[in-house]
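Here is the structure we will look at, set down as structure tokens.
A, B, ... follow the sequence lines: proteins, then strands. Residue 1 opens every chain. Quick caveat, the model's predicted, so the values are computed rather than measured.
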2 protein chains.
Amino acid sequence: MALAHAILVALLDNPCSGYDLAKRFDESVGVFWDASHQQIYRELGKLEADGHLTAETIEQDGRPNKKIYEVTEGGQGFLQEWMAKPTGIRTVKDDLLVKLFAGHMVSRDLILEELENHRQLHEARLGEYRALEQQFLSKTDGLTLASRFQYLTLRNGLLIEQSWLTWCEEAIAYLMRLGRQGE
Amino acid sequence: MALAHAILVALLDNPCSGYDLAKRFDESVGVFWDASHQQIYRELGKLEADGHLTAETIEQDGRPNKKIYEVTEGGQGFLQEWMAKPTGIRTVKDDLLVKLFAGHMVSRDLILEELENHRQLHEARLGEYRALEQQFLSKTDGLTLASRFQYLTLRNGLLIEQSWLTWCEEAIAYLMRLGRQGE
DNA sequence: CCTGCCATGTAAAAAGTTACATGATTCG
DNA sequence: CGAATCATGTAACTTTTTACATGGCAGG
């Protein structure tokens, strides 16, 4: 049920519209959560109905009006309550690993292509995360407390993406070696 | 939609009952997919209706009868088709990271406790994966091709869990340092 | 005697995906 | 002149989670 909480922490850091939230879920917030605009709008409606958010409509000319959402005190309490309850660790779900588990069902080349494709995707994402890290590291006058916590979430993304990259390379090398042995 | 495919690859490796599948999703298969027994029974029903699986009822006395599911040729084709279509990379969703992003909202100790808790959980899981790896490595007479592919999925679990562990330690150290500086 | 294992499911609610829908503006 | 961006949503469907439900047998 953490989509609601993910939205709240994002808005707490920086109040914005649903549209902007969707963009942030594609960028920085995306390091730890992902959501489509459809989900976001629905959830924003619920959170507002529950009193966890207030919306202020900004009239704009030349482009559609927008609603800026802000977390209420009630919303902050709701978040803090949730944060005080321990949670378990994630459950992995990855299509590529499902495919690999039955890798002997298809040609070696098909599997290698898919691995190479994923390697590139993870490499690209790692690059994005490194760019985000530079933004943190370049602030010479020191980070705020809030930024330091956000930095830790980014560090997680960096370590995990690095592992994926390493694993893709290892898997490709392993299968190439198998291939050469004529299996 | 990969739950169906995860079930198929598991049954392909080793036909079994829904109950046994649920256990395997908690153990070895759990390295790359997770599912509750409720999901599994429903999906088994669908897969059987679609002709991807056949079920054989085993009468047992003293305990409930069980149905052993096996992948049909049609099911294999269904799998292979899916495997030939490239898929994207996962989207991370993790409660702990949501909490950390708003870490300044609660006491430092609360966050540190949660991090330490997760550190232990990841350490335990890493231990399980290492034990599974030993089973692969101890087979002196060489692994089958299918086992080699399965080994790669386990390697992924090992690398990812190792990263989580490293990250938890890094985050704990980072926050302790902050604490000492009297923030 | 109580807990846990074996073995299967149903039902309801929440979360997530995919498709549909609108309409002006800006940039190439 | 077409594509992308801004900005919001609805509807239908699929997937996942949580709770409920049954019942015998084995072990401490």
TODO: Would you kindly compare A/L3 and B/I68 by the position of their nearest DNA chain C nucleotide and give the one closer to the 5′ end?
DONE: B/I68
Open item on the list: Between P on C/dT10 and OH on B/Y41, what's the gap in Å once rounded to a whole number?
Closed with: 11 Å
TODO: Please state how far atom CZ in B/R42 lies from atom P in D/dT17, giving the value in whole angstrom units.
DONE: 11 Å
Open item on the list: So B/Q60, base contact, sugar-phosphate only, or nothing? Heavy-atom distance under 4.0 Å.
Closed with: sugar-phosphate
Task: B/E123/B/R119 ion pair, N-O < 4.0 Å - done: yes
Task: Within residues 7-25 of chain B: residues closer than 4.0 Å to DNA chain C (heavy atoms) - done: B/S17, B/G18, B/Y19, B/K23
Task: B/K46 NZ - D/dT14 P separation (whole Å) - done: 7 Å
Open item on the list: With a 4.5 Å cut-off on side-chain heavy atoms, are B/Y174 and A/R155 touching?
Closed with: no
- [ ] Starting from C1' on C/dG9, measure out to CD1 on B/I40 and report it in whole angstrom.
- [x] 13 Å
Open item on the list: I want to know whether A/F25 and A/H37 have ring centres closer than 6.0 Å.
Closed with: no
Open item on the list: Would you say that B/W82 contacts B/L79 through its side chain, given a criterion of any heavy-atom pair below 4.5 Å between the two side chains?
Closed with: yes
Open item on the list: Other residues, nucleotides and ligands only: do more than 12 of their heavy atoms fall within 6.0 Å of CD on B/E81?
Closed with: no
- [ ] Mind calculating the distance between NZ (A/K66) and P (D/dG9) to the nearest angstrom?
- [x] 14 Å
- [ ] Take A/Q80 and A/Q76 through the test side chain to side chain donor-acceptor pair (under 3.5 Å) and record every step on the way to the result.
- [x] CA-CA 6 Å; A/Q80 283 167 330; A/Q76 289 182 37; 5.5 Å; no
Open item on the list: Looking at A/Q39, I'd like to know whether one of its side-chain N or O atoms comes within less than 4.0 Å of OP1 or OP2 on C/dT17.
Closed with: yes
Task: Ring-face cation of B/K67 near B/Y69 (centre distance under 6.0 Å, axis angle within 45°) - done: no
- [ ] Go along nucleotides 22-28 of chain D 5' to 3' and tag each nucleotide: B for a protein heavy atom under 4.0 Å from its base, S when only backbone or sugar atoms are that close, - otherwise.
- [x] -B-S---
Open item on the list: As a test of reading the structure: which of C/dT8, D/dA7, C/dA19 is closest to the side chain of B/H37, going by heavy atoms?
Closed with: C/dT8
Task: A/F32 and B/L96, any side-chain heavy atoms less than 4.5 Å apart - done: no
TODO: Quickly work out the B/N65 CG to C/dT8 P distance and round it to whole Å.
DONE: 9 Å
Task: Interatomic distance, B/L44 CG vs C/dA7 P [rounded to whole Å] - done: 15 Å
Task: Spacing of B/W33 atom CH2 relative to D/dT15 atom C1', expressed in whole Å - done: 10 Å
Open item on the list: Strictly below 4.0 Å, N to O, side chains only: are A/K85 and B/E113 in salt-bridge contact?
Closed with: no
